There are 2 protein chains.
Amino acid sequence: MATLHDVAKRANVSKMTVSRAINHPGQVRPELRTNILNVMAELNYQPNAAARALVSRRTRVVKLTIFEDMDTTEPYYMMLLAGISNELNQHQYALQLATSNSYKVGECDGYILTGIREKNYAWVEQLSQPVVFFGRTYQDYDYVDTDNYQAIQDSVAYAVQCGYDNLVFVGIAVDAPFELDRERGFQDFVGENHLHSRVIRLANHGHIATDYLRQHWLEFPKNTAFICASDRLAIGIEDGIIQQGGNVPNDYGVVGFDGVFLNQIASKRLTTMKQPLEVMGRAAARLLLAKIAHPQTTEQEKIIINSRLSISESTR
Amino acid sequence: MATLHDVAKRANVSKMTVSRAINHPGQVRPELRTNILNVMAELNYQPNAAARALVSRRTRVVKLTIFEDMDTTEPYYMMLLAGISNELNQHQYALQLATSNSYKVGECDGYILTGIREKNYAWVEQLSQPVVFFGRTYQDYDYVDTDNYQAIQDSVAYAVQCGYDNLVFVGIAVDAPFELDRERGFQDFVGENHLHSRVIRLANHGHIATDYLRQHWLEFPKNTAFICASDRLAIGIEDGIIQQGGNVPNDYGVVGFDGVFLNQIASKRLTTMKQPLEVMGRAAARLLLAKIAHPQTTEQEKIIINSRLSISESTR
DNA sequence: ATTTTAATTGCAAGCGATTGCATAAATTTT
DNA sequence: AAAATTTATGCAATCGCTTGCAATTAAAAT
């Protein structure tokens, strides 16, 4: 492997000039610089990351830590990963992935944290590097999120506009900010508009929703819309309706949440509140990189990115 | 941040002794060592990874590169990630994630490569670090994979044993080793056993399979089993059958492949050939770590891990 | 033409750890 | 009891790069 020294010798300059040609382009004579760049290419020179990190105290690594016992069946994170990875890449940063088991391994310049639990806060507070949360947290940290409250309101408003007059919120039985926001959004909307409504909470599995519908089928009259807190639940609900002989979307409407991919496998393509996860991932990465570059300047701390309803075949 | 030097001073020894206490426990007097370890804990000393990497030429980072334009809707990789991450973690290695865009960013001690395309081989060959492929490749490299040929044969055998007498292989329309192996496995089995059979190839989307069934419904008599090359296709097929009024599993059987999670959302829980992705990920990581530790000793190069049929409600 | 200022380049030091060799202490052998 | 061996520890050099300051050169101002 060629080193700075090799390049310098070959280009007849000092190591310093080569270093500057790379890191401070303005400080070196243009023609000299192009020459150096050529030599670098000839020698296939790659700066040694370790040496760089050692002296500059910059690893050029960002760590994404997924604390939630990673539900490996959830494509949600995959899309997030893609967004973060792409953005970091553009800034020559590498993405390191850590889980609740491995969060202590490896160094980095900053953290993107998601799926955090109360018990992890002690660890978080002790971090010396900048931190950005993905998803609003209980505590007061910088984060990127979607407006769950508003998103659900939009979903319900749409269902009402479709003409469904009985609104059922199918929530995920979990005590997390995103879920509470959604439920509150639903409650407020149906309250203000005096709508027939109901809230049920289920574990986040399609077949659980299907089973639930089977057992409670008679409780749901025609013209009911199910506003679900995940696409999984939505698909389970839809399957359940169809199995009970209900007609989707004519007599029953189903709206999902997340817009992951499940709509690709459902019998009918799902109407769903689509989170722009790729964009949100990029935003989180960008915010973190800004904090790394300017540790004090803490201008924009909370970034809210709107979800949009993707209208398809499960509503009329 | 405390350095080796700080620890050494506080413990009244030289830096070297501290270094040895960490890396070569046998070479330092036990009581001295425990004392040093205590001081390290007191000072919350963490070895500087950059400095270490610089001199030892070991980054303690493994890079997983997913070349396939990452189908972010595919939980497959998520499960793989979990396996790799867990295994690396146990060996104090960090996992760096790269995609087809970012494969040039960052240094590492070795690579796990997956979803590789012909055009990437030039890059692969030029790598100086050890490489392990996830999934058999066209070329002759070390890899971890499941026996796709055998797995499909097992699926078909099971379907026959269930009493289905018309076998349909629903393949993914892609020119990849895993797919060719599966198709060949099917063809060989039905050929040798003189079974009624047919092969169709579709893009890997559930609703495409559903649509296909709608259009070709009359071509599939009762007592047909669909052996699918993915769970997505299987779910689409199953939905299609049900929508056409067919009875699963009594008149039609459906067998999936992968065992990702889709069975959690299907109307009926899917019988599927389950790849132990977590285990396979761990195996890949372990193989790579072995190659990193002993670059020459190339004993075990191809690791085949068996998939197992997970029998559920979509077959009788 | 001479001084001032700005733009380039080089020198030396050092980031925090590890490797090879040398030294000191403890143990065994003769 | 002296010599040979093993076991522990320390010293110095070094990994490849960047920071701070000094030195050189070119451009601008007097």
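All figures in this text were calculated on a predicted structure; none of them were measured in a lab. Numbers restart at 1 for each chain; the letters A, B, ... are given by sequence-line order, proteins then strands.
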> To check you understand the geometry: which heavy-atom pair defines the closest contact between B:Val28 and B:Arg33, and what is its length?
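Minimum heavy-atom contact is CG1-CD, 3.8 Å.
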> Looking at B:Val144 and B:Val132, what are the two nearest heavy atoms and their distance?
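Between these two residues, the closest heavy atoms are CG2-CG1, 4.5 Å.
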> Take atom NE2 of A:His24 and atom C1' of D:dG20, then tell me their distance rounded to the nearest Å.
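So the two atoms are 12 Å apart, to the nearest Å.
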> Rounding to an integer number of Å, can you tell me how far B:Glu107 CD sits from D:dG16 P?
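B:Glu107 atom CD is separated from D:dG16 atom P by 11 Å.
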> Without placing hydrogens or testing angles, list every side-chain donor-acceptor pair under 3.5 Å for residues 42-49 of chain B, not counting sequence neighbours.
from    : atom 1 : to      : atom 2 : distance (Å)
B:Glu42 : OE1    : B:Arg10 : NH2    : 2.6
B:Asn48 : OD1    : B:Ala50 : N      : 2.7
B:Asn48 : OD1    : B:Ala51 : N      : 2.9

> Could you check how far CZ of A:Arg58 sits from C1' of D:dT18, rounded to whole Å?
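Roughly 13 Å, once rounded to whole Å.
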> Within less than 4.0 Å of OP1 or OP2 of D:dT18, is there a side-chain N or O belonging to A:Ser56?
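A:Ser56 to D:dT18 OP1/OP2: no side-chain N or O under 4.0 Å.
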> In this structure, how many angstroms lie between the P atom of D:dC17 and the CZ atom of A:Arg60, rounded?
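Rounded to whole Å, this separation is 15 Å.
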> Quick one: A:Ile36 CD1 to C:dG10 C1', roughly how many Å, whole number?
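Rounding to the nearest Å, CD1 of A:Ile36 and C1' of C:dG10 are 13 Å apart.
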> Give a yes or no on whether the backbone of B:Phe134 and the side-chain of B:Thr114 come within a donor-acceptor separation of less than 3.5 Å.
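Side chain of B:Thr114 to backbone of B:Phe134: a pair is present.
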> Starting at atom CG of A:Leu54, determine the distance to atom C1' of D:dC17, rounded to an integer number of angstrom.
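It works out to 8 Å between those atoms.
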> Can you find a side-chain donor-acceptor pair between A:Asp258 and A:Ser230 that sits under 3.5 Å?
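A:Ser230 and A:Asp258 do not have a side-chain donor-acceptor pair below 3.5 Å.
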> Calculate, to the nearest 0.5 Å, the distance between atoms OH and CG belonging to A:Tyr93 and A:Leu88 respectively.
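A:Tyr93 atom OH to A:Leu88 atom CG measures 9.0 Å (nearest 0.5 Å).
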> Establish, with yes or no, whether the OP1 or OP2 oxygen of D:dC15 is under 4.0 angstrom from a side-chain nitrogen or oxygen of A:Asn48.
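Checking A:Asn48 against D:dC15: no side-chain N or O falls below 4.0 Å of OP1 or OP2.
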> Could you state the CD-P distance from B:Gln46 to C:dG16, rounded to the nearest angstrom?
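So the two atoms are 14 Å apart, to the nearest Å.
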> Does the side chain of A:Glu278 come under 3.5 Å of the side chain of A:Asn86 through a donor N or O and an acceptor N or O?
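Checked: A:Glu278/A:Asn86 side chains pair up, N/O donor to acceptor below 3.5 Å.
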> Where do N or O atoms of nucleotides 5-12 of chain D meet protein N or O atoms at under 3.5 Å, pair by pair?
from   : atom 1 : to      : atom 2 : distance (Å)
D:dT9  : OP1    : B:Arg29 : NE     : 3.0
D:dT9  : OP1    : B:Arg29 : NH2    : 2.8
D:dT9  : OP2    : B:Arg29 : N      : 3.0
D:dG10 : OP2    : B:Ser14 : N      : 2.8
D:dG10 : OP2    : B:Ser14 : OG     : 3.0
D:dG10 : OP2    : B:Thr17 : OG1    : 2.3
D:dG10 : O6     : B:Arg20 : NH2    : 2.6

> How close do B:Leu288 and B:Val131 get, heavy atom to heavy atom, and via which atoms?
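That closest heavy-atom pairing would be CD1-N, 4.3 Å.
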> Which nucleotide sits closest to the side chain of A:Val55: D:dG16, C:dG16, C:dT18?
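In terms of side-chain proximity for A:Val55, the closest of D:dG16, C:dG16, C:dT18 is D:dG16.
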> Nearest whole angstrom, please: distance from the C1' of C:dG14 to the CG of B:Leu4.
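The answer, rounded to whole Å, is 16 Å.
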> Parallel, tilted or perpendicular for B:Tyr141 and B:Tyr121, by the 30°/60° rule?
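It falls in the parallel class, under 30°.
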> If you check every side-chain atom of B:Arg52, which of C:dA17, C:dG16, D:dG16 has the closest atom?
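Of the options given, the side chain of B:Arg52 lies nearest C:dA17.
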> So for the helix from C:dT2-D:dA29 to C:dT30-D:dA1, with five pairs setting each end axis, what is the inter-axis angle to 10°?
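Taking the rotation axis at each end, their angle is 40°.
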